[in-house]
Amino acid sequence: MMDSKEFMELESIHGAHNYHPIPVVITKAEGPWVWDVEGKKYLDCLSAYSAVNQGHLHPKIVKALKDQLDRVALTSRAFHNDRMALYLKHLLEICGKEFTMALPMNTGAEAVETAIKMVRRWGYEVKGVEKNKAEIIVCEENFHGRTTTIIGFSTDPDATTNFGPYTPGFKIIPYNNLEALKNAITPNTVAFLVEPIQGEAGVIIPSDGYLKKVREICTKNNVLLIFDEIQTGFGRTGKMFCHQHEGAIPDVMTLGKALGGGLLPVSAVVSRKEIMGVFTPGSHGSTFGGFPLACAVGDAALDVLVEEKLCENAAELGEFFIKELKTIEHSRIKEIRGKGLFVAIELHEKARPFTQQLIEEGILAKETHDYAIRFAPPLVISKENLEWAITKIKKVIGS
Ligand SMILES: *Cc1c(COP(=O)(O)O)cnc(C)c1O
């Protein structure tokens, strides 16, 4: 039997060092809990960056996957399959009546790439932008994925160093700054791509009304608004989608993570026909995108969110969680912020020693950008389990 240390050493020899994981080797999981190879139990407060909103190995989603495995797994889009149409209809119903067309992909980055291609083509064919002049506005500190095009407009040196040359056509402005958006728009601007809350940047929540004003500015200038809800979507912030807190409906949404119910990479772009209609046969695709297993899992993942009222649970428990955290009095705390079960404690000192202590207490949380600790447990978490976690967090952060 190998122990945690041996697994980590072997991984370090044979696996590329493109992550700096917390030193825990997980072997088993259920609901909000995971166990390491030594049998120690932890509360998962990262939820695979919100890909496990429904909890680990949710029985209904696992069953949907197993049942589909008795029928057909993969067809490619060279043929139709009997799962995709109903799944996309279901997804669009969840997204709201403004969204009438969807394009299935696998990873979040692919969904973002799809959205980029779509709004560029829309710019040339519908808006009338001159060939190869399309501009997309994005924000500083954004996180939209890891492909060469996407990292080209990242402002994080870890993500960009020595990966150039970068794809042109992107303009970077400060987040939460309406004047900067207005000033950046030109006749060639086709879209503004933005996260409703910046997750990887450390759960950065824009001012009240920002999303609504952004919507107005985009509408006024015939610029498409893309919300990347890959991490904020599917209940994380206490609503099905984060933009619903402000009733600011985008033209395009990129979705992923929890759409795969914690089992498979399942992503999608949703929009409406006058925009998504720019795709023609051969212009875009993915071998696995919309494969029957993904559709079965996506359907079940959506059902679980609704049936188990996970948005409501996130709203209720999130409010309680933040209120409790705000009772911690310690000079090392700079700010406590969050929406739903998307919460961060920002410190005046480096966060890693505290995440390390939290691990010892049985809580898996990860620091973002050195000074903040993000808490994003699965949305199936009970109040009792959350109270247990709060006691531990208070002990570690408050003393
Ligand atoms: C995780 C994430 C992505 C990328 O998703 P992958 O599945 O890792 O490619 C894109 N945008 C946001 C906001 C994310 O949180």
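In listed order, ligands and their atoms are each counted from 1. Quantities reported herein were computed from a predicted structural model and do not represent experimental measurements.
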Quick one: does G108 get an N or O within less than 3.5 Å of an N or O on ligand 1?
-> yes

Look only at interatomic distance and state if A109 has a nitrogen or oxygen under 3.5 Å from any nitrogen or oxygen of ligand 1.
-> yes

Specify whether F241 and H243 have parallel, tilted or perpendicular ring planes, treating 30° as the upper limit for parallel and 60° as the lower limit for perpendicular.
-> parallel

salt_bridge(R236, E229) N-O dist < 4.0 Å = no

Could you tell me whether atom 8 (O) of ligand 1 has at least one protein heavy atom nearer than 4.0 Å?
-> no

Plane angle bin for F153 and H144 - parallel if under 30°, tilted between 30 and 60°, otherwise perpendicular = tilted

Should the ring pair F279 and H284 be called parallel, tilted or perpendicular, given that the plane angle runs from 0 to 90° and is split at 30 and 60?
-> parallel

With a 4.0 Å cut-off on heavy atoms, does F143 reach ligand 1?
-> yes

Hey, are T232 and E195 close enough side-chain-wise for a donor-acceptor pair under 3.5 Å?
-> no

May I ask you to list the atoms of ligand 1 that are less than 4.0 angstrom from any heavy atom of D228?
-> 10 (C), 11 (N), 12 (C), 13 (C)

Check whether NZ of the Lys or CZ of the Arg K383 lies under 6.0 Å from the centre of the six-membered ring of F320 and within 45 degrees of that ring's axis.
-> yes

Is K257 close to ligand 1, meaning an N/O of one under 3.5 Å from an N/O of the other?
-> yes

Indicate yes or no: does an N/O atom of E200 lie under 3.5 Å from an N/O atom of ligand 1?
-> no

